[in-house]
Number of protein chains: 2
Amino acid sequence: MNDKFYALSEEKQNAIINAGFKVFAGNSYKKSPVNEIALEAGISKSLLFFYFKNKKELYLFLLKKCEEVTKQMLLESGAYKGNDIFEIMYRGLLAKASMIKRYPDMGNFSIKAYYEKDPEVANDVRKIIAPYTNMETNKILPPMDSSQFKEGLDLNMMYRDMYLASEGYLWQMQQTGIIDVDRMVADYKKIIEFWKSIYLK
Amino acid sequence: MNDKFYALSEEKQNAIINAGFKVFAGNSYKKSPVNEIALEAGISKSLLFFYFKNKKELYLFLLKKCEEVTKQMLLESGAYKGNDIFEIMYRGLLAKASMIKRYPDMGNFSIKAYYEKDPEVANDVRKIIAPYTNMETNKILPPMDSSQFKEGLDLNMMYRDMYLASEGYLWQMQQTGIIDVDRMVADYKKIIEFWKSIYLK
DNA sequence: TAGTTATTAACCGGAACGGTCAACAGGAGG
DNA sequence: CCTCCTGTTGACCGTTCCGGTTAATAACTA
């Protein structure tokens, strides 16, 4: 890939990246025309081929970008790990929300890439995705002080319920197409308040 | 469309329908080759064009099928409407799960169709989808006897949390690719037991 | 065997695609 | 004004793909 790409303004870079995410998220690798990505990004196909020597390189670049951003997000969301489970969940959603705002189609792109079967890229996709599959997810109950919760509460089930509801909420939000981070934060705060009212002593 | 299609065995019909759902769910209308659908269904392209006179007809047939199945499902899941909210939710998930099992890609197909912009089909899609958008969804709290729940419980928030968690669970299940209805039922029963333990008096 | 039906392989014209390249625009410096 | 350099593009090419047709074959029936 051409280093000149990094000399572009951040907006221009993001425009290209998001165009790539969008088109590759909407179609399989083979059915995603480079021209469509260029048009979406507001540049010509030739220029895109100037920055990335071919379609495969562009695709794998996007996949790496995706991994990098996700890793960064997980880091951020866990940065203030404490023993307040509600705070942790709140920060987790916040990080995800801002990620969705900056790269709206990245999530769908990564899902598509995960299931990509085209022999031209499949192997490289596995190679890039492999380490990131084993990564620490937040499906596992973080350590916490159980004394503050109501007696007899099944903490694992509580966490599972909250995790599932968060996923469901994010999914529901993404279905609408418009990501309104402010509204998401407000909604989620209310949900967390509800959880506190039923789970805490 | 050719009535001979209905003379086919149910398995053959479903094979064709599911092949259509799968391919159209994975790509936009224009980028979904009829040949790929035929291959996936285990028949030749010519035969598919024998049953459906062109691509558009096949697509709209699938969309109607989708609407019909969804309507049926909503009917089933609400058939035993009582005042037991947990029972209602359980039946709801059960209906959705069995629908996913029979038509694994139907959900993604309907989402794709909803956002389809190709002028060749967009108008007809709106026409078919329109009545079904206004349909009664289960996002609204059903009437229930509040005396059995814990004092001061916000029933709307409770229902919202349960609904979101159910969506999140279904989404998570569908991501795995393998729909194991038995496991889903078992999982969901445990989740509902948990809800009962925290919400009921 | 003859006739009817189910199913397909081969084909066609046109469109789309990845990738290349000569050309063009515009600014910098002489 | 000319010249060089850089960023950018339209036009082009060989190939593949796609929707749809049709003539031919397979399978079944009587």
Side-chain angles (χ1 to χ4, degrees), chain A residues 1-17 19-20 22-63 112 116-122 124, chain B residues 1-17 19-20 22-63 112 116-122 124:
Chain A
M1 78 165 288
N2 193 330
D3 280 340
K4 292 279 172 63
F5 177 77
Y6 295 113
L8 262 48
S9 71
E10 207 188 313
E11 299 111 74
K12 208 84 192 168
Q13 284 187 40
N14 273 349
I16 293 171
I17 289 169
K22 184 170 182 177
V23 174
F24 280 124
N27 304 90
S28 68
Y29 172 76
K30 212 207 283 217
K31 305 271 178 61
S32 298
V34 175
N35 192 35
E36 208 170 295
I37 298 174
L39 243 45
E40 180 80 30
I43 61 176
S44 70
K45 181 177 62 158
S46 319
L47 190 53
L48 199 49
F49 272 113
F50 173 68
Y51 293 131
F52 303 91
K53 79 168 198 282
N54 55 33
K55 187 176 170 178
K56 183 175 176 178
E57 194 183 83
L58 168 60
Y59 184 77
L60 295 179
F61 166 81
L62 288 173
L63 195 59
K112 268 263 155 127
E116 183 61 57
K117 283 191 292 277
D118 194 305
E120 196 180 338
V121 292
D124 303 76
Chain B
M1 78 164 291
N2 192 331
D3 279 340
K4 291 280 173 62
F5 176 77
Y6 295 112
L8 261 48
S9 70
E10 206 188 314
E11 301 114 72
K12 208 82 193 170
Q13 284 188 40
N14 273 349
I16 293 170
I17 289 169
K22 184 170 182 178
V23 175
F24 280 124
N27 303 89
S28 69
Y29 172 75
K30 210 205 284 208
K31 305 268 179 63
S32 298
V34 175
N35 192 35
E36 209 170 295
I37 299 174
L39 244 45
E40 180 79 30
I43 61 174
S44 71
K45 181 177 61 157
S46 318
L47 190 53
L48 199 49
F49 272 112
F50 173 67
Y51 294 131
F52 303 91
K53 79 167 196 282
N54 55 31
K55 187 175 169 177
K56 184 175 175 178
E57 193 182 84
L58 168 59
Y59 184 78
L60 295 179
F61 167 81
L62 288 173
L63 194 60
K112 267 265 155 118
E116 184 58 59
K117 283 190 291 277
D118 195 304
E120 195 179 338
V121 292
D124 304 75

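Below, chain A is the first sequence line, B the second, and so on; all start at residue 1. What you see below is based on every heavy atom in this structure, not just the backbone, and it leaves out hydrogens, waters and symmetry mates.
Remark: the backbone N or O of Gly26(A) is paired with a side-chain donor or acceptor of Lys112(B) at under 3.5 angstrom.
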Give every donor-acceptor pair under 3.5 Å between a side-chain atom in residues 34-49 of chain B and any protein atom, sequence neighbours left out.
residue	atom	partner	partner atom	Å
Glu36(B)	OE1	Lys31(A)	NZ	3.1
Glu40(B)	OE2	Lys22(B)	NZ	3.2
Ser44(B)	OG	Leu47(B)	N	3.3

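Between Ser32(B) and Val23(B), the shortest heavy-atom contact is OG-O, 3.5 Å. Minimum heavy-atom separation, Phe61(B) to Met1(B): CD1-SD, 3.8 Å.
The line from NZ of Lys12(B) to CD1 of Ile16(B) is 7.0 Å long, rounded to the nearest 0.5 Å. Here the CZ atom belonging to Phe5(B) is positioned 8.5 Å from the CG atom belonging to Leu58(B), to the nearest 0.5 angstrom.
What separates CZ of Phe49(A) from P of dA22(C) is a distance of 17 Å, to the nearest Å. If you take CG of Asn54(A) and P of dG19(C), they are 5 Å apart, rounded to a whole angstrom. Nucleotide dT7(C) holds its C1' atom 12 Å from the CD1 atom of Ile16(B), rounded to whole Å. A straight line from CG of Leu58(A) to P of dC17(C) spans 15 Å, rounded to a whole angstrom. If you measure from atom CZ of Phe5(B) to atom C1' of dT7(C), you get 16 Å, rounded to the nearest angstrom. Rounded to an integer number of Å, the gap from Asp118(A) CG to dC17(C) P is 15 Å.
Residues satisfying the ring pair (Phe, Tyr, Trp, His ring centres under 6.0 Å) criterion with Phe24(B), sequence neighbours excluded, are Tyr59(B). By the side-chain contact (heavy atoms from CB on, under 4.5 Å) test, Glu10(B) pairs with Asn14(B), Arg102(B), sequence neighbours left out. With sequence neighbours left out, the side-chain contact (heavy atoms from CB on, under 4.5 Å) criterion links Asp118(B) to Tyr29(B), Lys30(B), Glu116(B), Glu120(B), Val121(B). Lys56(A) pairs by the salt bridge (Lys or Arg N to Asp or Glu O under 4.0 Å) definition with Asp124(A), not counting sequence neighbours. The salt bridge (Lys or Arg N to Asp or Glu O under 4.0 Å) check on Lys53(B) picks up Glu57(B), with sequence neighbours excluded.
Mapped onto DNA chain C by nearest heavy atom, Leu47(B) and Tyr29(A) fall at different nucleotides, with Leu47(B) at the one closer to the 5' end.
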Just the table, please: protein N/O against nucleotides 13-15 of chain C N/O, every pair under 3.5 Å.
none

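Nucleotides of DNA chain D that come within less than 4.0 Å of any heavy atom of chain B span, from the 5' end to the 3' end, dC18(D) to dT22(D).
Residue contacts shown for Phe52(B) are absent, as no nucleic acid heavy atom lies under 4.0 Å away.
Scanning residues 31-46 of chain B for heavy-atom distances under 4.0 Å to DNA chain D yields Ser32(B), Pro33(B), Val34(B), Lys45(B), Ser46(B).
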